[in-house]
Amino acid sequence: MSSDIKILPRSFYESADVTEASKSLIGKVICTRIDGVFTSGMITETEAYCGRNDKACHANDGLRTSRTEVMYGTPGHAYIYLCYGIHHLFNVVTNREGLADAVLIRGIQPLEGTDEMAGRRNKPADKPELADGPGKLTQALGITTGYNGIDLLGNKIWIEDRGVKFPDVRIFSSSRIGVDYAGEHAKRPWRFYLSGSKWVSSG
DNA sequence: CCTACGATCTGCT
DNA sequence: GCAGATCGTAGGG
């Protein structure tokens, strides 16, 4: 029964294709134990960002700064940054060291600790607004930039495979949200989401 | 040093 | 539907 649950190994994050990694993360379960509180949710929506030839990516074409340094590090670590001065956005670093590929988590279906999430969000536990957006789910899970760079094979933030596998026909794609500044690259269909799920950002 | 702006969300109209 | 919030980062002087 519980033997179906396993933490994603480093090799999962070492995928050489960030769009494949992005798709594969749909259906996986992100878990946090923050201040001793366990919360979790199934990933419903992701976006791929590539370190080479992708103007939407913070680390595009080798741009290396203190902010982007984590993206150039070991896959399977968290890149968490502050967006619009308010929202903490959570990414997983993929591929291999030095390349700066990452997947942004944009939506989850809350599973465990929903009352705790509701408290953190000051929203009802059973409504999509609890976690149907990149800034909402981090608040629900208790994730802040203070955890930037953390290893996802540790015991604070991790991702599990619980044996849920959706058929490819249920994974829809679209252009990425909020990256119009990236010009032509903004049109790439690098957003992936579970069709029919309520727990997906409206955009 | 200074300025512009964002991988968003909320509340109000 | 739209404007305001809010602050770290990047880039330029």
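Keep in mind that the numbers below use all heavy atoms, side chains included, and drop hydrogens, waters and symmetry copies. Proteins come first, then strands; the chains are lettered A, B, ... in the order of their sequence lines, and each starts at number 1. Remember, predicted model here, so these are calculated numbers, not experimental data.
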Rounded to the Å, how far apart are [X] [atom1] and [N] [atom2]?
{"X": "A:Leu137", "N": "B:dC9", "atom1": "CG", "atom2": "P", "result": "8 Å"}
{"X": "A:Ile86", "N": "B:dG11", "atom1": "CD1", "atom2": "P", "result": "12 Å"}
{"X": "A:Leu104", "N": "B:dT8", "atom1": "CG", "atom2": "P", "result": "8 Å"}
{"X": "A:Asn91", "N": "B:dT8", "atom1": "CG", "atom2": "P", "result": "11 Å"}
{"X": "A:Lys136", "N": "B:dT8", "atom1": "NZ", "atom2": "C1'", "result": "9 Å"}
{"X": "A:Ile143", "N": "B:dT8", "atom1": "CD1", "atom2": "P", "result": "16 Å"}
{"X": "A:Tyr84", "N": "B:dC9", "atom1": "OH", "atom2": "C1'", "result": "10 Å"}
{"X": "A:Glu69", "N": "C:dT9", "atom1": "CD", "atom2": "P", "result": "13 Å"}

| query | Partner of C:dT6 by Watson-Crick or G-U wobble geometry, both contacts under 3.5 Å, or none? | reply | none

| query | Partner of B:dA7 by Watson-Crick or G-U wobble geometry, both contacts under 3.5 Å, or none? | reply | none

Looking at every strand, decide which applies to [X] at a 4.0 Å heavy-atom threshold: base, sugar-phosphate, or nothing.
{"X": "A:Leu89", "value": "sugar-phosphate"}
{"X": "A:Lys55", "value": "nothing"}
{"X": "A:Arg121", "value": "sugar-phosphate"}

| request: Compare the ring of A:Tyr181 with the six-membered ring in the base of B:dG6 and state whether they stack (centres under 5.5 Å, planes under 30°). | output: no

| request: Taking only Lys NZ, Arg NE, NH1 and NH2, and the carboxylate oxygens of Asp or Glu, determine whether A:Lys127 and A:Glu129 approach each other closer than 4.0 Å. | output: no

| message | Students often mix this up, so state it plainly: with edges at 30° and 60°, are the rings of A:Tyr81 and A:His58 parallel, tilted or perpendicular? | response | perpendicular

Nearest listed nucleotide, side chain of [X], among [options]:
{"X": "A:Tyr79", "options": "B:dA7, B:dT10, C:dT6", "value": "B:dA7"}
{"X": "A:Ile177", "options": "B:dA7, C:dA10, B:dT8", "value": "B:dT8"}
{"X": "A:Lys123", "options": "B:dG11, B:dT8, C:dG8", "value": "B:dG11"}

| message | Side chains of A:Thr46 and A:Ser22 only: does a donor on one sit below 3.5 Å from an acceptor on the other? | response | yes

| request: Tell me yes or no: between the side chains of A:Asp17 and A:Thr19, is some donor less than 3.5 Å from an acceptor? | output: yes

| task | Report yes if at least one side-chain N or O of A:Thr65 is closer than 4.0 Å to OP1 or OP2 of C:dT9; otherwise report no. | result | no

| message | So, does A:Arg67 get its side chain near the phosphate of C:dG8, meaning an N or O under 4.0 Å from OP1 or OP2? | response | no

| field | Atom pair CG/CD of A:Asp101 and A:Glu14 - distance to nearest 0.5 Å | value | 12.5 Å

| Can you find an N or O donor on one side and an acceptor on the other, under 3.5 Å apart, linking the side chain of A:His58 with the base of B:dA7? | yes

